[in-house]
Amino acid sequence: IFEVGSVTKLFTAILLADDVVRHRLQLTDNIAQMMPEVEKNWVMRRITLAQLASHTAGFPFEPPDSLKTPA
């Protein structure tokens, strides 16, 4: 038995790989391109899709206030 969070990481990485192969995204794209609300945070705006997929993004311990909204 696996927790849902552990399984979704695999599916998310597979979908990312598929989009890279289809030239829809690049692993060097940063998340600010898809999430304008992180542009205000100097740490998070530099995070790339490759860092997310490899768990090397270095997320801050506490998410910035700009991400604590219903949107």
Shortest non-hydrogen contact between Val38 and Ala32, atoms and distance:
CG2-CA, 3.6 Å
Which pairs pass salt bridge (Lys or Arg N to Asp or Glu O under 4.0 Å) with one or both residues in residues 47-59, sequence neighbours excluded?
none
Applying salt bridge (Lys or Arg N to Asp or Glu O under 4.0 Å) as the test, list every pair that has at least one member in residues 23-34; sequence neighbours left out.
Asp19-Arg24
Take Arg45 and Ile31 through the side chain to side chain contact (heavy atoms under 4.5 Å, CB included) test and state the conclusion after the steps.
CA-CA 6 Å; Arg45 70 175 173 229; Ile31 63 172; over 6 Å; no
Could you state whether Leu52 and Leu15 fall into the same hydrophobic cluster, counting links through intermediate Ile, Leu, Val, Met, Phe, Trp or Tyr residues with side-chain heavy atoms under 4.5 angstrom apart?
no
Apply side-chain hydrogen bond (donor to acceptor under 3.5 Å, both in side chains) to Thr12 and list each qualifying residue two or more places apart in sequence or on a separate chain.
none
The single option from Thr28, Val20, Leu16 that satisfies side chain to side chain contact (heavy atoms under 4.5 Å, CB included) with Leu49 is Leu16
Test of understanding: clusters of I, L, V, M, F, W, Y form through side-chain heavy atoms closer than 4.5 Å, transitively. Do Val21 and Leu25 belong to the same one?
no
Is a donor on one side and an acceptor on the other found under 3.5 Å between the side chain of Gln33 and the backbone of Asn30?
yes
Are side-chain heavy atoms of Lys9 and His55 found at a separation under 4.5 Å?
yes
